[in-house]
Amino acid sequence: MFRAMPELAEVEYFRRQWNAGIGHRVIKIALHSGKRIFRGTNTRALPEELAGAHLLTSEARGKRMLFRFSNENWLGLHLGMSGKMQAASPDFRPQKHDHLVLYQRERALVFTDARQFGRVQFHHGKTAPTWWDNGVPEIVSAKFNREFLDRFLDRHPKAPIKAVVLMQSGFSGIGNWMADEILWRARILPSKRAGRLGAGERNELFRATRFVARESLRIIGPDDSTLPRTWLIHERWRAGGICPRHKTVLRRATIGGRTTAWCPKCQR
DNA sequence: ACCCCTGTTCGGCG
DNA sequence: CCGCCGAACAGGGG
């Protein structure tokens with residue numbers, strides 16, 4: 001059994017599953033109102049407004065997604081730890097964890113999240129919800145540049161770099177495995193304080209971040225099996241996992257509150 | 001049974 | 001006041 005391809009690329013993969021419904025009308029909605037997944041959103045207005053609307057566009061920013069519908073309706077989705085999306089047959093019957101289903105004539109757009117660390121947000125209005133524009137540049141955009149990275153690192157000089165790379169306000173869409181992959185490529189010790197990274201290390205961090213984000217998005221798939229065998233991800237959870245560079249046994253510890261794997265030989 | 005977990009938020013504390 | 005860290009959230013899987 002493969003681990004689902006997570007984070008930035010997983011979001012992109014799931015967003016595309018729902019894109020099958022673009023240009024089509026939503027006939028009816030099924031949802032589990034009162035569940036934690038809908039915290040802060042109006043679950044009465046959601047089905048009332050969305051019924052009859054067409055799905056028009058979708059967009060992803062980091063781990064967040066925004067679906068735009070006709071009649072000034074917007075749906076924000078976050079997958080949390082266990083969120084999934086699929087386009088199922090129109091006679092789909094929602095199970096316990098299928099918290100939101102948008103039925104169209106030819107398919108059902110399903111949002112599933114067992115642990116409910118994710119979130120569904122409904123917004124009715126002419127423009128996108130205020131929370132959508134948070135000012136954080138996408139890593140694959142030109143706004144994520146060396147200057148931005150410098151300023152962000154300097155803003156968190158005391159935090160271990162692993163924790164900084166996990167901050168969504170600077171590294172949009174990066175999660176636990178991508179952070180380890182990035183630091184491994186950049187040959188930086190995850191516990192090293194961000195403020196102690198030299199110019200050379202910052203250059204490497206910048207390049208590795210762009211590379212991992214771009215490649216993950218390019219090689220997008222339902223699981224991590226399509227990522228190159230030379231990547232750390234295939235070793236980081238395995239007992240006795242080794243560094244793909246020189247076969248050194250990886251070390252593991254909790255850093256920045258997350259399980260972290262690194263190579264003691266090439267990461268300093 | 002017990003321990004682990006790809007994310008985010010919040011209260012405590014240094 | 002700043003900012004880091006652990007706990008909490010909830011459930012499934014090993």
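Reminder, nothing fancy here: chain letters follow the sequence lines and each chain counts from 1.
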Below 4.0 Å: OP1/OP2 of B:dT6 and any side-chain N or O of A:Lys63:
no

How close or far is atom C1' of B:dT6 from atom CG of A:Leu183, stated in whole angstroms?
16 Å

Under 4.0 Å between a side-chain N/O of A:His97 and OP1 or OP2 of C:dG11, yes or no?
no

Over 60° means perpendicular and under 30° means parallel, so tell me whether A:Trp74 and A:His123 are parallel, tilted or perpendicular.
tilted

Among C:dG11, C:dC4, B:dC5, find the nucleotide with the atom closest to the side chain of A:Met167.
C:dC4

May I ask whether A:Trp177 stacks on the base of B:dT6, given the cut-offs of 5.5 Å between ring centres and 30° between planes?
no

Indicate whether OP1 or OP2 belonging to C:dC2 is found under 4.0 Å from a side-chain N or O atom of A:Lys158.
no

What pairs of residues pass the side-chain hydrogen bond (donor to acceptor under 3.5 Å, both in side chains) test when at least one of them lies in residues 253-264 of chain A, not counting sequence neighbours?
A:Lys162-A:Thr260

Among C:dG11, B:dG7, B:dC5, the nucleotide that comes nearest once only the side chain of A:Ala114 is considered:
C:dG11

Quick one: is A:Gln116 getting a side-chain N or O under 4.0 Å of the C:dC9 phosphate, OP1 or OP2?
no

Atom-to-atom span, CG of A:Leu79 to P of C:dC9 - whole angstrom:
22 Å

Using the ring of A:Trp132 (Phe, Tyr or Trp, six-membered ring only), decide whether A:Arg64 places NZ or CZ under 6.0 Å from its centre and within 45 degrees of its axis.
yes

Give the stems involving DNA chain C, where a stem is 3 or more consecutive Watson-Crick or G-U wobble pairs (i with j, i+1 with j-1, and so on) under 3.5 Å.
B:2-5 with C:11-14, B:7-14 with C:2-9

Side-chain ion pair, A:Asp180 and A:Arg252, N-O less than 4.0 Å:
no

Aromatic ring proximity A:Trp18/A:Phe67, centre distance under 6.0 Å:
yes

Need one value for A:Arg258: base, sugar-phosphate or nothing, where a base atom within 4.0 Å counts as base even if backbone is also close, heavy atoms only.
base

For A:His97 and A:His99, take the angle between the two ring planes, folded into 0 to 90°, and tell me which bin it lands in: parallel under 30, tilted 30 to 60, perpendicular over 60.
perpendicular

